[in-house]
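First listed ligand is number 1; within each ligand, the first listed atom is number 1.
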Amino acid sequence: MQILDVVLTPVAFADPPLLNVMGVHEPFALRSVVQVKCEDGIVGLGESYGDEAFLGEVRKVLPRLRGHDVFDLPGLQRLVAEALSDTVLTDAHGLIGGFSIRKTIASVYSLFEVACLDAQGHFLGRPVTDLLGGKARDAVEFSAYLFYKYGKHVDGREDSWGEITTPEALVGSAKRMFDEYGFRSIKLKGGVYEPAHEVDGVRALAEAFPGHPLRIDPNGAWTVETSIRVAAELDGVLEYLEDPTPGIDGMAQVAAEASMPLATNMCVVNFGDIEPGFRARAIGVLLSDHHFWGGLRATQSLSVTCESFGVGLSMHSNSHLGISLAAMVQVAAATPHLTYACDTHWPWKVEDVIEPGVLEFREGAVAVPTTPGLGITLDEDALARLHENYVRCGLTKRDDVTYMRNFVADFEPNTARW
Ligand code: GKR
Ligand code: MG
């Protein structure tokens with residue numbers, strides 16, 4: 001089935017002022033939506049990053065796609081690699097690890113791979129899970145992803161979550177997420193305050209939600225010594241400790257002392273990192289992410305690799321919309337080794353580009369759609385609205401650092417700062 005046309009639409013959606021080690025989320029998060037239009041009126045959907053540098057790489061591939069067979073994924077891989085032979089993207093916001101030409105190609109390929117799999121599914125009348133080998137589970141579990149946050153944006157815009165800076169407010173936000181989505185696990189984005197304050201936050205959550213798996217992720221904000229100390233303080237409390245310190249070597253030193261497994265989406269971020277990362281025993285859990293690991297099938301290969309080396313598999317997220325969530329659900333369902341509750345930023349957004357109703361959360365899990373392809377329908381009006389947001393907001397890249405300086409004038413991002 002040939003590709004006739006591909007439409008790339010940058011979009012922006014309202015995002016609350018969520019805090020992390022690099023600063024604070026801007027008023028809008030950027031994404032790209034791709035529609036791969038094929039013969040017989042079939043359209044495949046994909047979603048990924050929306051910053052200008054990424055869009056520039058995607059645009060280099062577009063003219064080459066016309067006439068390509070959506071079932072020829074190795075050919076798609078070659079075509080993307082040829083179009084991007086000499087570019088290395090950097091993620092600018094510094095929160096998903098180092099970039100390389102290999103990672104750039106994997107990221108761009110992934111956007112089109114998902115859209116081609118969606119189109120294949122519509123053509124065959126089968127869900128994407130069936131194209132990935134079949135369902136290992138009927139529903140995919142996610143964790144409540146908590147953030148410290150400011151109460152309002154610089155322009156005064158508020159959101160329904162209010163300010164979250166204390167252990168009490170954290171527990172309150174977790175209660176709301178549990179009530180509304182039924183989550184059973186909790187992840188806290190740390191690296192914002194002194195470790196002692198964040199340890200108090202984790203302890204308050206452990207007390208309020210006994211028996212629920214808990215994680216904290218300071219995105220490498222701590223030194224090796226601090227990480228070892230915090231790991232000891234949270235002994236018996238955490239399911240895993242995510243990226244306490246930067247780099248494979250630092251993580252390996254912490255892992256040697258910590259009682260809980262370490263996890264990462266920052267130091268093992270493409271297939272080239274696996275040998276050094278696993279050899280150093282730096283991690284016990286890897287956070288997959290099809291957006292930068294090279295798509296849904298590469299995520300499954302990654303899973304087999306992790307299983308072979310006794311490393312667990314979880315899933316990373318960035319602010320995203322429904323097409324990405326659908327892809328995350330399909331691949332997680334078809335990947336038996338992905339046994340941890342996945343991350344999602346879903347509760348923090350209030351608008352989307354897909355028709356509502358399919359990706360509902362029940363008991364913290366999303367039922368795997370059984371309809372063809374990704375199982376979702378694009379809402380053309382919503383897409384136009386979110387594109388309008390993109391044009392009006394004027395943002396072209398994610399820059400949590402500069403935006404943070406509106407709140408803290410002398411703010412400097414600093415991993416391993418504590
Ligand atoms: O949304 O601020 C954020 C997160 O910090 C995100 O950018 C990270 O990539 O969630 C991610 C993580 O697990 O590191
Ligand atoms: Mg992380």
Side-chain angles (χ1 to χ4, degrees), residues 13-31 48-51 54 90-99 103 107 142-150 159 161 164 173 185-193 198 214-222 227 238-247 251 254 261-269 273 277 282-293 312-321 324-325 328 340-349 397-404 407 411 413-415:
F13 62 95
D15 200 18
L18 306 177
L19 289 152
N20 61 48
V21 70
M22 300 303 283
V24 61
H25 285 208
E26 294 161 280
F28 287 92
L30 308 180
R31 298 296 277 177
S48 191
Y49 312 110
D51 50 287
F54 182 75
T90 52
D91 68 347
H93 57 80
L95 288 162
I96 52 173
F99 263 71
K103 201 170 167 204
S107 307
F142 289 86
S143 58
Y145 194 167
L146 309 184
F147 280 78
Y148 294 109
K149 67 180 285 293
Y150 291 136
D159 55 69
W161 295 89
I164 305 174
S173 66
S185 314
I186 301 176
K187 164 169 171 169
L188 171 61
K189 173 59 55 180
V192 175
Y193 297 113
E198 297 188 354
L214 262 169
R215 314 148 184 183
I216 181 168
D217 171 17
N219 285 112
W222 306 334
S227 304
L238 291 182
E239 177 187 38
Y240 59 68
L241 174 57
E242 186 175 325
D243 287 312
T245 203
M251 288 281 282
V254 180
L262 300 198
T264 192
N265 60 271
M266 295 183 78
C267 71
V268 178
V269 288
D273 299 326
I283 56 164
V285 179
L286 185 74
L287 278 84
S288 62
D289 182 331
H290 74 269
H291 302 90
F292 67 79
W293 276 95
L313 196 67
S314 188
M315 191 183 279
H316 165 258
S317 130
N318 263 314
S319 305
H320 64 87
L321 295 166
S324 278
L325 183 67
M328 289 155 79
Y340 288 94
C342 303
D343 292 356
T344 179
H345 286 58
W346 189 260
W348 298 107
K349 70 170 181 58
K397 64 175 189 272
R398 176 176 171 183
D399 185 357
D400 296 11
V401 178
T402 307
Y403 188 55
M404 182 71 171
F407 297 89
F411 178 77
N414 185 6
T415 48

Partner set under side-chain hydrogen bond (donor to acceptor under 3.5 Å, both in side chains) for Y403, not counting sequence neighbours: H153
What atoms of ligand 1 come within less than 4.0 Å of a heavy atom belonging to [X]?
X    : result
N20  : 2 (O), 3 (C)
Y145 : 4 (C), 10 (O), 11 (C), 12 (C), 13 (O)
R398 : 1 (O), 2 (O), 3 (C), 7 (O)
H25  : 1 (O), 2 (O), 3 (C)
D217 : 12 (C), 13 (O), 14 (O)
S317 : 10 (O), 11 (C)

Part of [X] with heavy atoms under 4.0 Å of ligand 1, whether side chain, backbone, both or neither:
X    : value
K187 : side chain
R215 : neither
H345 : side chain
K189 : side chain
L287 : neither
D400 : neither

Presence of N, O or S from [X] under 2.8 Å of the Mg ion (ligand 2):
X    : value
D243 : no
T264 : no
D343 : no

Qualifying residues under ring-ring contact (aromatic ring centres under 6.0 Å, His included), relative to F28, sequence neighbours excluded: none
Can a donor-acceptor pair be found between the side chains of [X] and [Y] at a distance below 3.5 Å?
X    : Y    : result
H290 : S324 : no
H291 : S48  : no
D289 : N265 : no

Using only atom types and a distance under 3.5 Å, with no angle test, would you say the side chain of [X] pairs donor to acceptor with the backbone of [Y]?
X    : Y    : result
T264 : M266 : yes
E26  : R398 : no
W348 : Y145 : yes
S288 : S314 : yes

Heteroatom proximity flag, S319 to ligand 1, N/O under 3.5 Å: no
D343 N/O to ligand 1 N/O under 3.5 Å: no
Non-hydrogen atom of N318 closer than 4.0 Å to ligand 1: yes
Non-hydrogen atom of E242 closer than 4.0 Å to ligand 1: yes
Name of whichever N/O/S atom of D217 is nearest to the Mg ion (ligand 2): OD2
Atom name, E242 (N, O or S, nearest to the Mg ion (ligand 2)): OE2
Taking every non-hydrogen atom, the tightest pair across V254 and S227: CG2-CB, 3.6 Å
Just how far is it from atom [atom1] of [X] to atom [atom2] of [Y], taken to the nearest 0.5 Å?
X    : Y    : atom1 : atom2 : value
H25  : K149 : NE2   : NZ    : 11.5 Å
K189 : F147 : NZ    : CZ    : 5.5 Å
Y240 : Y340 : OH    : OH    : 7.5 Å

